[in-house]
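All remarks here apply to the structure that follows.
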Number of protein chains: 2
Amino acid sequence: MEKAQKTADALPSWKDGEAKERILNFVKNAADSASKNYIPPAERIAVFDNDGTLWNEAPMLFQVSFMFDRIKSLAAQNPDWKTQQPYKAVLENDHEAMKKFTHQDFGKLMAASHAGISPEEFKAAATQWFDTAQHPVYKRPYLKCVYQPQLELLNYLRENGFKNFIVSGGGVDFMRAFAEKTYGIPPEQIIGSSAKTTMESKDGKPALMKTPELQSFDDRAEKVSNINLHIGRRPVLACGNSDGDLNMLQYTAAGTGPNLEIYIHHDDAEREMAYEKHPLMGELKEGLVEAKAKNWIIVSMKNDWKKVFPD
Amino acid sequence: MEKAQKTADALPSWKDGEAKERILNFVKNAADSASKNYIPPAERIAVFDNDGTLWNEAPMLFQVSFMFDRIKSLAAQNPDWKTQQPYKAVLENDHEAMKKFTHQDFGKLMAASHAGISPEEFKAAATQWFDTAQHPVYKRPYLKCVYQPQLELLNYLRENGFKNFIVSGGGVDFMRAFAEKTYGIPPEQIIGSSAKTTMESKDGKPALMKTPELQSFDDRAEKVSNINLHIGRRPVLACGNSDGDLNMLQYTAAGTGPNLEIYIHHDDAEREMAYEKHPLMGELKEGLVEAKAKNWIIVSMKNDWKKVFPD
Ligand SMILES: [Ca+2]
Ligand SMILES: [Ca+2]
């Protein structure tokens with residue numbers, strides 16, 4: 001008979017309380033073949049948003065910081081950028097000009113920083129950036145700006161036979177540069193926004209090339225479509241932090257068996273940041289209303305977490 | 001130290017010979033941490049085409065047979081089809097008319113048989129079909145028209161820590177209806193052609209709906225793009241049976257570590273069918289030339305397999 005892994009201190013950075021209790025109960029029952037809320041191993045699919053759910057996203061999405069730094073590192077090879085917008089604004093840290101960036105401007109910066117190279121080369125560039133860049137507020141590497149309680153949750157789920165997937169609006173190649181090492185989530189369990197790739201010949205060998213053409217913007221209902229495309233099974237646990245995750249949580253909640261929905265609420269102005277609506281980040285508004293109405297777990301970062309970041 | 005699982009009779013339906021020997025050696029070394037051809041577990045990614053590689057595809061792709069049968073089963077709800085092409089031809093088994101089907105005709109039949117329902121409903125319909133339909137030539141269920149030697153290969157790879165993926169031109173939802181049960185390959189390891197889905201409300205619950213709009217035609221270079229999108233890691237073993245798989249094999253062969261490329265050659269007119277070029281199936285021409293030039297394994301179904309289908 002299958003029994004849950006022992007839960008003593010499974011989530012040491014979570015304070016005792018309703019959120020922790022409900023998570024522990026759900027997982028314990030899912031892995032206990034004697035429980036009426038048992039879930040067969042193959043169906044233990046958990047999906048997590050990334051930005052603001054597994055790591056910090058403020059004051060700017062990490063991938064945007066990476067994009068700006070990469071534009072700077074490519075400037076020497078692109079002398080025209082000194083006088084051309086939107087590149088010029090990035091090179092000069094011209095925040096006033098940046099505030100006026102249009103979608104087209106962002107598209108140009110994405111193309112210049114994310115396309116025209118192979119996924120392998122891109123991942124190498126991202127890895128190098130993670131090794132060296134510092135978060136502007138917390139003055140620590142970006143990979144130390146993940147949420148310690150969430151690392152514990154991922155690990156606890158994995159130990160109890162869950163397969164964790166990331167389903168994020170972030171770029172899939174960007175996430176694959178760190179998620180295996182940092183979250184223990186292998187590349188084949190990462191779903192994100194993506195650009196089309198083409199097969200080309202490079203140094204006489206076949207290689208893929210990232211193009212500027214968007215393939216999928218993995219947000220809202222497209223998260224659900226991508227879950228179906230990549231996983232092909234309805235998740236039993238979904239965790240997010242914004243209205244962009246609401247469809248994914250609704251879809252999970254509509255499953256016929258046991259399921260758990262979790263919203264991470266950024267209410268910790270002291271240790272992180274308190275926001276529900278922020279011009280640069282996803283808003284949490286409809287999601288919060290529905291979470292309350294449906295008794296989903298709303299994790300207060302302030303009250304439910306002993307610590308936010310790893311030591 | 002990691003050692004390969006014992007190989008005695010690992011591939012009982014494979015005749016002794018070069019193909020079997022090379023496969024056994026590759027896997028043995030991949031799983032032996034003392035070997036210079038060792039492959040770390042996370043990198044043991046194997047990709048398989050499906051039609052003509054894992055199961056029979058003649059005289060007609062199984063999914064096309066399913067499509068025709070489904071059109072027939074839906075005819076009562078669509079009385080106009082009796083007088084409308086291309087439905088009329090299908091309902092009347094009018095092979096002369098079918099031969100003249102255009103891409104548009106197939107598109108209409110695909111839409112009528114594959115769209116407007118949820119992936120779950122579609123999978124239920126496919127499952128029911130698999131439970132009842134018979135192969136026109138072999139007079140046995142379609143799921144008994146898989147290749148026994150390939151079932152053994154999938155199992156042998158899995159036992160030695162490989163993660164098997166299907167990368168097929170076939171529809172992803174169609175394959176997910178049987179691949180877990182038949183091949184031991186879970187839905188999240190199946191990549192195929194796909195249609196776009198939309199999120200809708202059904203009986204007051206959020207549900208996905210399959211649309212007629214093509215999302216990906218998973219053939220040739222798109223197989224490689226989809227491997228990158230879904231797996232994010234270059235495979236170390238690739239197996240196919242047509243030129244549609246050539247890019248996938250080339251991409252695998254261009255890896256920097258140990259890798260193995262396998263073509264299944266349909267040369268067994270007695271037990272199955274002998275063809276390299278067939279109007280309805282993928283052609284194997286360029287692939288055969290390249291396989292010979294690069295010393296990839298070319299499996300002769302006639303000479304390398306003791307049996308073709310399971311008992
Ligand atoms: Ca988010
Ligand atoms: Ca094929």
For this session: Examine whether an atom of B:Ala254 lies under 4.5 Å from a heavy atom of chain A, and if so say whether it belongs to the side chain, the backbone or both; otherwise answer neither.
Result: both
For this session: Specify which of A:Lys123, A:Glu180, A:Gln189, A:Met199 makes the most heavy-atom pairs with chain B at under 4.5 Å.
Result: A:Met199
Problem set entry | Engaged part of B:Lys196 at the chain A interface, taking heavy atoms whose separation is under 4.5 Å | neither
For this session: Give the member of A:Ile231, A:Ile45, A:Asn247 that has the highest number of heavy-atom pairs under 4.5 Å with chain B.
Result: A:Ile231
For this session: Kindly check if the number of other-residue, nucleotide or ligand heavy atoms within 6.0 Å of CD (B:Glu200) is above 12?
Result: yes
For this session: Starting from the C-alpha separation in whole Å, work towards a yes-or-no answer on side chain to side chain contact (heavy atoms under 4.5 Å, CB included) for B:Asn228 and A:Asp173.
Result: CA-CA 9 Å; B:Asn228 181 64; A:Asp173 291 323; 4.2 Å; yes
For this session: Could you pull out the closest heavy-atom pair between A:Gly232 and B:Arg176, with the gap in Å?
Result: CA-NH1, 3.3 Å
For this session: With a 4.5 Å cut-off on heavy-atom pairs, point out which of A:Arg233, A:Lys205, A:Arg234 contacts chain B the most.
Result: A:Arg233
For this session: Provide the closest heavy-atom pair for B:Ser225 versus A:Thr198 in the form atom of the first, atom of the second, distance.
Result: OG-N, 4.4 Å
Seminar exercise, completed: Assert top hit (heavy-atom pairs under 4.5 Å, partner chain A, pool B:Gln215, B:Lys163, B:Glu222) equals B:Lys163
Problem set entry | Within 6.0 Å of NZ in B:Lys285, more than 12 heavy atoms from elsewhere | no
Problem set entry | Rounded distance (nearest 0.5 Å) linking atom OG1 of A:Thr197 with atom CG of B:Asn226 | 8.0 Å
For this session: Among the options A:Val224, A:Val172, A:Ile190, pick out the one with the most heavy-atom pairs lying under 4.5 Å from chain B.
Result: A:Val224
For this session: Give the member of B:His230, B:Gln250, B:Glu120 that has the highest number of heavy-atom pairs under 4.5 Å with chain A.
Result: B:His230
For this session: Examine whether an atom of B:Ser194 lies under 4.5 Å from a heavy atom of chain A, and if so say whether it belongs to the side chain, the backbone or both; otherwise answer neither.
Result: side chain
